[in-house]
Asks: 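Submitted below is the structure of interest, expressed as structure tokens.
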Amino acid sequence: MSLKKILYSLILSITLSLSFIAPIGAPVYADGGPEDACSVAGVDDPLICGRKGENEEKELQNTIKNILETVYLWIGIVAVIVIVIGGVKYMTSTGEEEKIRNAKSTITNAIIGLVVTLAAFAITEFFIGALEGQTPSGSYSKENGGGGGSGGTSSDKTVAVKHVQIMGISSIRKGEEYGFYVKIIPDYATDKTVVWSSSNPAVATVSANGRVKAISPGETTITATTNNGVVGSKTIVIPKPIEATSVIITGKISSLTTGKTAQLNATIVPSNTENKKLTWSSSNKNIVSVTEKGLIKAIKKGSATITVKTANNKTDSVTVKVSDAAEAVRNDKVKKFQEIIKSYAWPTYRGRNHNYSNPSADQMPAYTAAYNAAKNSFVSNHDCGGNDCGVFVILTMRNSGWDPNYPDERTDGQYPWLSNPKNGWEDVTSKIKSNADARPGDVIITRGQGHVVMFVGKIDGFGSQIASASYCGRTPMADHSSDIMYYINTPHSTGRRYAVFRKKNS
């Protein structure tokens, strides 16, 4: 096909498009009345969709428009391809005038064809747009359902709303908001104003522009009413919120020392509970305080119950016992002290009937090891292989950590050292009226040369609350007496009386 023929075809396409479009602008209505073939939303009233044939006319216009636009597109593509071909011919003409002339002709005609195609497209769009905005003429009125006569236009007629459909979701959760809107039929109705209302404002309210807010669980009907009395409605449901069935404190902490803090956490069941608010409280804020996020703090010695509560009053609790920090440290020291006593001393009183030529045979293995480790240092001046009351006290005090500075002295050296307040001990003899007044770690010693024992308190499996040894007489063991008052009231064989010394802050 020559380029001239291509150009003629393009011009022909414009002519054809206009010939197709022209008849569309003159709508014809049978008997000037309504047509029920285009009713919408299940409504059989033919007035809802307009005049007879009006929708078919618009559909035809759109079909022709789409066909022509497709044709123009392909013609434009062909024209561009021809321009490219002409350019290639021009570049490969190698200076031959005939080839150059043909290439220029090809490019020129293709450009003309492309311009004509674009012009045809523009003209088509103009006519289609003009026709789409055309108001059919005639005496038919959407308000009165039609009538005879001629002349005039529908622009001076009132088009009534025939149907209202509310668009929106049917379920909203409490506290949520959602915008509803209406679909008016016909869509070219003159007055599309609607008034919104809710049948149960306690369940949900609706604003003047159709915004619905869920207030409480229940059901309500949202209504949109036009000025000519047409009503559209939609029932919506506000479901009951998912509530907690239980709450569980995780990682429960049952004890703390004064001044310490700990974090309590809680898990709500089920996990998709909507209101996850938790309230923490303490039965005694002076003992254990708690923040709104479950952080607890031990204030003073005692116990308090910490409770967590959900929004719907489901609860869980934990009792926290608070011990004094200094007391806790002392308890740890006592525990270690008593562990040393159990490992160094026989748990029963064995008397003096042992083979003292080989002390280690009658000693607890741990005590033998401790003595051998120290005999070349701070107990080197002691004999009898460690079977000595003073050595037993020295090794226990140092190795248990009760007093690492306890002196390497016999009783006549230990007594003045204990009596010196600078060394951290105090005489509590006058305070002791029974074992209840004594504490583990108290040293019971003669006021000078003589004997020394230790009050160890109640130890499971140990036969006395006092532990002692004897110079070259017996290895460390549970004492023959368990009553501290025996020593306070009974002088030593040397005639010296006993005193009780206690480590300060112990």
Asks: Test your reading of the model: is there a side-chain donor-acceptor pair from R398 to the backbone of Y406, 3.5 Å cut-off?
Replies: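 Yes; at least one donor-acceptor contact below 3.5 Å.
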Asks: Using a 4.5 Å cut-off on heavy atoms from C-beta on, say whether the side chain of L264 contacts that of V308.
Replies: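 Side chain of V308 against side chain of L264, heavy atoms only: no contact under 4.5 Å found.
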Asks: Begin from the C-alpha positions of K277 and N275 and carry the test side-chain contact (heavy atoms from CB on, under 4.5 Å) through to its verdict.
Replies: CA-CA 6 Å; K277 182 180 179 180; N275 191 339; 3.3 Å; yes
Asks: Do F337 and M454 make a side-chain contact, defined as non-hydrogen atoms from C-beta onward lying under 4.5 Å apart?
Replies: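 F337 vs M454: side chains touch.
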Asks: State, yes or no, whether a side-chain contact exists between R173 and P239 at a heavy-atom distance under 4.5 Å.
Replies: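 Counting from C-beta outward, R173 and P239 do come under 4.5 Å.
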Asks: Whether K252 and D316 form a salt bridge (side-chain N of Lys/Arg under 4.0 Å from carboxylate O of Asp/Glu) is what I want to check.
Replies: yes
Asks: Considering non-hydrogen atoms only, spot the tightest contact between A304 and N284 and give its length.
Replies: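 The pair with the smallest heavy-atom distance is CB-O, 3.8 Å.
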Asks: Where is the tightest heavy-atom contact between V290 and S282, given as atom of each residue plus distance?
Replies: CG1-N, 3.8 Å
Asks: Can you confirm whether more than 12 heavy atoms, excluding those of K333, are under 6.0 Å from its NZ atom?
Replies: yes
Asks: Could you walk me through whether T267 and T250 pass the side-chain hydrogen bond (donor to acceptor under 3.5 Å, both in side chains) check?
Replies: CA-CA 7 Å; T267 299; T250 56; 4.6 Å; no
Asks: D403 and N423: side-chain contact (heavy atoms from CB on, under 4.5 Å), yes or no, with the steps?
Replies: CA-CA 10 Å; D403 191 338; N423 294 320; over 6 Å; no
Asks: Might you work through the side-chain hydrogen bond (donor to acceptor under 3.5 Å, both in side chains) test for T223 and S233, ending with a clear yes or no?
Replies: CA-CA 4 Å; T223 301; S233 63; 5.2 Å; no
Asks: Picking from V182, I184, I185, D187, what satisfies side chain to side chain contact (heavy atoms under 4.5 Å, CB included) with V161?
Replies: I184
Asks: Is there a donor-acceptor pair under 3.5 Å between the side chain of K276 and the backbone N or O of T273?
Replies: yes
Asks: For a 4.5 angstrom cut-off between non-hydrogen side-chain atoms, does I268 reach L278?
Replies: yes
Asks: With a sphere of 6.0 Å drawn around CG of N505, does it hold more than 12 non-hydrogen atoms of other residues, nucleotides or ligands?
Replies: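 12 or below, so no.
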Asks: Hey, does the side chain of T106 reach the backbone of N102 with a donor-acceptor pair shorter than 3.5 angstrom?
Replies: yes
Asks: For A202, does its backbone N or O pair with a side-chain atom of S216 as donor and acceptor, under 3.5 Å?
Replies: yes
Asks: Got a second to check how far K234's NZ is from M167's CE, nearest 0.5 Å?
Replies: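 K234 NZ to M167 CE: 8.0 Å, rounded to 0.5 Å.
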Asks: Within the 4.5 Å heavy-atom criterion, are I222 and I236 side-chain neighbours or not?
Replies: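 In contact.
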Asks: Kindly indicate, with the supporting measurements, whether the criterion side-chain contact (heavy atoms from CB on, under 4.5 Å) is fulfilled by D460 and K342.
Replies: CA-CA 9 Å; D460 290 341; K342 288 172 64 176; 5.5 Å; no
Asks: Parallel, tilted or perpendicular: which one describes the rings of W196 and F180, with boundaries at 30° and 60°?
Replies: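 Taking F180 first and then W196, their aromatic rings stand perpendicular (interplane angle over 60°).
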Asks: Pair I215, T205 - check side-chain contact (heavy atoms from CB on, under 4.5 Å), show working.
Replies: CA-CA 7 Å; I215 305 300; T205 60; 4.2 Å; yes
Asks: Can you give me the closest heavy-atom contact between E219 and V203, atom names plus distance?
Replies: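 Shortest heavy-atom contact: N-CG1, 3.7 Å.
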Asks: With a 4.5 Å cut-off on side-chain heavy atoms, are Y344 and M364 touching?
Replies: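 When only atoms from C-beta onward are counted, Y344 and M364 do not touch, as no gap falls below 4.5 Å.
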Asks: How close do I432 and D437 get, heavy atom to heavy atom, and via which atoms?
Replies: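 Here I432 and D437 meet closest at CD1-O, 3.3 Å.
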Asks: Below 4.5 Å, heavy atoms only, C-beta onward: do T226 and V194 meet side chain to side chain?
Replies: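 Yes, side chains in contact.
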Asks: Inspect the surroundings of NZ in K504 and state if more than 12 heavy atoms from other residues, nucleotides or ligands are less than 6.0 Å away.
Replies: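 For K504, atom NZ is crowded (more than 12 foreign heavy atoms under 6.0 Å).
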Asks: What heavy-atom pair brings N286 and K300 nearest, and what distance separates the two atoms?
Replies: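 N286 and K300 have their closest heavy atoms at O-CG, 3.4 Å.
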Asks: Just wondering, more than 12 heavy atoms not from K297 lying within 6.0 Å of its NZ?
Replies: no
Asks: Roughly how far, to the nearest 0.5 Å, is the OG1 atom of T92 from the CD1 atom of I100?
Replies: 10.0 Å
Asks: For residues N435 and Q465, report the shortest heavy-atom separation together with the two atoms involved.
Replies: ND2-NE2, 3.5 Å
Asks: Do I306 and W280 have side chains that get closer than 4.5 Å, going by heavy atoms?
Replies: yes
Asks: Spell out, as yes or no, whether a donor-acceptor pair under 3.5 Å connects the side chain of D442 to the backbone of R439.
Replies: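 Such a contact is found between D442 side chain and R439 backbone.
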Asks: When you look at NZ of K336, are more than 12 heavy atoms from neighbouring residues, nucleotides or ligands closer to it than 6.0 Å?
Replies: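 Count not over threshold, so no.
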Asks: Could you check whether any side-chain N or O of N200 sits under 3.5 Å from a backbone N or O of T220, counting only pairs where one atom can act as donor and the other as acceptor?
Replies: no
Asks: Would you find a donor on one side and an acceptor on the other, under 3.5 Å apart, between the side chain of Q263 and the backbone of K293?
Replies: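 Confirmed, Q263 side chain pairs with K293 backbone.
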